[in-house]
Amino acid sequence: MVVLGAGPAGLVLGNILVDQGIDCVVLERSTRTHVQTRARAGFLAAHTVRILERHGLAEGLRRRGQPHSTCEFRTEDDRFRLDYSGLGRGERHTVYPQQDLVTDLVTRFLARGGQIRFGTEAVAVCDADGERPTVAVREADGRPGRWRGRYVAGCDGQHGAARRSLPPGTVRHHRDHGVTWLGLLAEAPPSLDAVGYAVHGRGFAGHMARTSDVTRYYLQCEPGTPADAWSEERIWDELDLRMGADKYGPLHRGPLIQRSVVDLRSDVLEPLRHGALFLAGDAAGLISPSAAKGANLAVLEAELLADALTDALRAGDPAGLDAYSARCLTHIWRAQEFSHWMIGLLHGPSGADGESLFHNSLRRSRLASLRTSRAQQDWFADHYVGV
Ligand code: APR
């Protein structure tokens with residue numbers, strides 16, 4: 001079994017397969033230090049925690065993860081909180097930085113006899129229609145190489161070799177949401193005991209705790225804005241303005257240790273299988289960070305694929321592999337639909353024309369429903385935490 005990519009999808013898949021005694025090699029183009037220190041997501045859904053616990057992969061998050069169950073929506077006029085653990089199915093998130101999860105997964109995979117080839121970049125997947133697909137690679141020393149397996153799992157993200165190796169018939173559903181976020185990591189304690197969503201006329205601002213002394217902020221900006229365009233002071237002043245610091249208190253400031261510009265885009269490939277090649281995680285579909293679904297979908301797809309591969313390789317039963325794509329796509333589209341709804345709730349046009357005014361009035365009405373309707377709150381809670 002050859003797995004491309006040592007992210008959440010590839011590592012959860014690899015851990016489950018080695019536990020089933022299936023020989024598995026993970027090809028990862030980056031270094032071990034890079035994948036174990038790269039700050040990405042950090043909001044694990046209850047279902048994700050259950051999957052990790054089921055496979056003995058939750059020790060770290062059980063010890064250091066923090067439960068989280070409250071959203072705070074702020075507009076220019078007022079704010080309201082939703083404790084979603086008391087709504088819908090009553091589930092909550094676990095805040096656990098992805099780099100810590102990836103470190104746990106790498107350590108356990110290697111301890112269980114898994115093999116990770118760091119610094120090895122997959123170039124193409126060949127003969128996926130055959131019984132022995134081949135992965136052409138560039139080894140760490142720059143030499144070309146080849147890896148073969150009965151199956152190949154493409155967990156190498158949206159720009160990886162697996163996507164490049166798909167046949168022309170693969171359908172790519174995609175949408176550019178026309179929204180750009182300046183993603184920030186601040187060396188500062190969280191300013192709220194909730195995920196903060198500021199819906200402001202000047203644009204969206206978001207607040208998400210990562211650890212007790214690091215906080216993730218998002219600031220909607222004009223498409224094309226360079227990550228270093230704004231001074232730290234201007235960023236903090238704008239965050240304070242949009243988060244209503246004058247009414248609710250200033251944000252805890254600190255050095256901005258990471259900046260990135262994120263154009264909110266989504267895509268979904270269909271089908272997620274091409275012969276012996278299967279896609280999972282961002283390689284299967286990209287989802288906007290508005291609802292923190294990416295890593296949770298990656299883990300869910302990894303378990304679905306691992307179970308199907310185990311049935312095929314251990315019991316000779318291909319049914320799970322035949323059903324894999326359709327089963328994943330059901331979950332993917334449900335997550336995409338909610339993420340799309342969230343983007344429409346948090347962002348709107350800035351114009352004063354009738355269309356823009358209408359769109360923004362709809363948003364205010366959606367927020368009012370979310371604030372007052374228990375049925376809407378239950379729906380929100382189930383989709384926000386669910387996968
Ligand atoms: N060859 C080998 N490895 C590759 C290649 C390649 N050609 N291209 C990419 N990779 C590696 C990357 O270095 C990365 O470590 O594949 C891995 C993909 O990991 P992620 O991008 O984290 O993707 P995935 O596991 O699908 O997790 C997706 O997790 O990062 C969060 O929320 C984020 O939605 C995202 C989710």
Side-chain angles (χ1 to χ4, degrees), residues 2-15 25-45 48 51-52 93 95-103 105-106 109 115-125 135-140 144-147 152-166 181 183 208 210 216 218 258 260 262 264-269 272 277-306 328 331-332 335-336 339 387:
V2 180
V3 177
L4 309 186
L11 290 168
V12 168
L13 173 62
N15 269 285
V25 63
V26 175
L27 307 180
E28 167 55 53
R29 72 176 172 190
S30 302
T31 63
R32 178 169 182 174
T33 302
H34 180 75
V35 298
Q36 293 188 175
T37 55
R38 178 179 50 193
R40 300 284 297 272
F43 258 57
L44 300 179
T48 301
I51 290 174
L52 296 170
H93 283 107
V95 179
Y96 189 55
Q98 182 165 313
Q99 60 268 36
D100 294 356
L101 177 62
V102 167
T103 300
L105 294 172
V106 167
F109 179 71
Q115 192 188 165
I116 305 183
R117 305 280 299 190
F118 291 103
T120 298
E121 178 166 15
V123 174
V125 180
V135 180
V137 304
R138 187 176 301 109
E139 300 284 4
R146 289 185 174 284
W147 289 82
V152 176
C155 304
D156 51 348
Q158 56 170 315
H159 301 303
R163 277 203 179 198
R164 292 198 300 268
S165 305
L166 292 170
W181 285 358
M208 296 170 185
R210 277 290 180 269
R216 162 78 70 191
Y218 290 112
Q258 189 194 77
S260 59
V262 181
L264 268 57
R265 291 196 186 96
S266 300
D267 75 1
V268 179
L269 297 191
L272 300 180
L277 170 62
F278 294 83
L279 303 181
D282 274 9
L286 189 66
I287 192 164
S288 81
S290 58
K293 294 287 180 194
N296 291 298
L297 274 176
V299 171
L300 179 137
E301 291 155 13
E303 187 188 50
L304 285 175
L305 183 53
C328 274
H331 295 288
I332 288 172
Q336 288 285 355
S339 176
V387 179

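As the structure is a prediction and not an experimental result, all values here were calculated from the model. Start at 1 and go down the list; that is how both ligands and their atoms are numbered. Index from 1, following the sequence. For the numbers below, each heavy atom of this structure counts, side chains included, while hydrogens, waters and symmetry mates do not.
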Polar side-chain atom of Glu139 near backbone of Thr120 as donor-acceptor pair, under 3.5 Å
no

Arg40, portion touching ligand 1 at heavy-atom distance under 4.0 Å
side chain

Among Gln336, Gln158, Arg163, which one satisfies side-chain hydrogen bond (donor to acceptor under 3.5 Å, both in side chains) with Asp267?
Arg163

What's the verdict on side-chain contact (heavy atoms from CB on, under 4.5 Å) for Val106 and Arg32, showing C-alpha distance, side-chain angles and the deciding distance?
CA-CA 9 Å; Val106 167; Arg32 178 169 182 174; 3.6 Å; yes

Looking only at protein heavy atoms, what sits closest to atom 19 (O) of ligand 1 is Gly7 CA, 3.5 Å

How far is atom 9 (C) of ligand 1 from its nearest protein heavy atom, and which residue and atom name does that atom have?
Asp156 O, 3.2 Å

Leu304 vs Leu300, test: side-chain contact (heavy atoms from CB on, under 4.5 Å). Steps then yes/no.
CA-CA 6 Å; Leu304 285 175; Leu300 179 137; 3.7 Å; yes

Taking only heavy atoms of Asp282 into account, list the atoms of ligand 1 that are under 4.0 Å away from them.
26 (O), 28 (C), 34 (O), 35 (C), 36 (C)

Under 4.0 Å to a heavy atom of Cys155 - the qualifying atoms of ligand 1, by number:
16 (O), 17 (C), 18 (C)

Say whether, by atom type as modelled, one donor and one acceptor occur between the side chain of Asn296 and the main chain of Phe43 under 3.5 angstrom.
yes

Could an N or O of ligand 1 be found under 3.5 Å from any N or O of Val35, whether backbone or side chain?
no

Out of Ala302, Ala161, Ala9, Ala298, the nearest non-hydrogen contact to atom 25 (O) of ligand 1 is supplied by Ala9

Would you check the N or O atoms of Gly10, main chain and side chain alike, for any that come under 3.5 Å of an N or O of ligand 1?
no

Could you tell me which atoms of ligand 1, counted from 1 in the order shown, lie closer than 4.0 angstrom to a heavy atom of Ser30?
13 (O)

Could you tell me the residue and atom name of the protein heavy atom closest to atom 2 (C) of ligand 1, and the distance to it rounded to 0.1 Å?
Arg29 N, 3.3 Å

The answer for which part of Pro289 has a heavy atom under 4.0 Å from ligand 1 is neither

Check ligand 1 against Gln98 and write out every atom of the ligand that is under 4.0 Å from a heavy-atom position of the residue.
22 (O), 29 (O), 30 (O), 31 (C)

With no hydrogens and no angle check, is any side-chain donor or acceptor of Thr37 less than 3.5 Å from a backbone partner on Thr33?
yes

So which of Gln99, Glu301, His34, Glu28 gets nearest to atom 12 (C) of ligand 1, if we judge by its closest heavy atom?
Glu28

Mark yes or no for whether Asp156, through its side chain, and Ala162, through its backbone, hold a donor-acceptor pair below 3.5 Å.
yes

Ligand 1 versus Val123, non-hydrogen atoms closer than 4.0 Å: side chain, backbone, both, neither?
neither

Residue-level breakdown please: for Leu11 versus ligand 1, do any non-hydrogen atoms fall below 4.0 Å on the side chain, on the backbone, on both, or on neither?
neither

Measure the distance from atom 27 (O) of ligand 1 to every protein heavy atom, then report the residue, atom name and distance (to 0.1 Å) of the closest one.
Pro8 CD, 3.5 Å

Got the closest protein heavy atom to atom 7 (N) of ligand 1, with its distance?
Ala122 O, 3.0 Å

Using a 4.0 Å cut-off to any heavy atom of Gly5, which atoms of ligand 1 qualify?
11 (C), 16 (O), 17 (C)

Is a side-chain donor-acceptor pair under 3.5 Å present for Ser266 with Ser288?
no

Sub-4.0 Å atoms of ligand 1 with respect to non-hydrogen atoms of Gly281:
26 (O)

Residue list, side chain to side chain contact (heavy atoms under 4.5 Å, CB included) with Pro97, at least two apart or on another chain
Gln99, Asp100, Thr211

So is Thr120 close enough to ligand 1, meaning a heavy atom under 4.0 angstrom away?
yes

Between Leu27 and Val135, does the side-chain contact (heavy atoms from CB on, under 4.5 Å) criterion hold? Intermediate values first, please.
CA-CA 10 Å; Leu27 307 180; Val135 180; 4.0 Å; yes

Would you call Leu264 and Trp181 a side-chain contact if the rule is heavy atoms closer than 4.5 Å?
yes

Apply side-chain contact (heavy atoms from CB on, under 4.5 Å) to the pair Cys155 and Leu4, showing each step before the final yes or no.
CA-CA 5 Å; Cys155 304; Leu4 309 186; 5.7 Å; no

Hey, is Arg38 touching ligand 1 through its side chain, its backbone, both or neither, going by heavy atoms under 4.0 Å?
side chain

Ranked by distance from atom 32 (O) of ligand 1, the top protein heavy atom is Ala295 N, 3.5 Å

Report yes or no: does Arg117 contribute a side-chain atom to a donor-acceptor pair with the main-chain N or O of Glu28 at less than 3.5 Å?
no

I need the atoms of ligand 1 closer than 4.0 Å to a non-hydrogen atom of Leu27, numbered in the order shown.
2 (C), 3 (N)

Is the backbone N or O of Leu44 less than 3.5 Å from a side-chain atom of Thr48, with the two atoms forming a donor-acceptor pair by type?
no

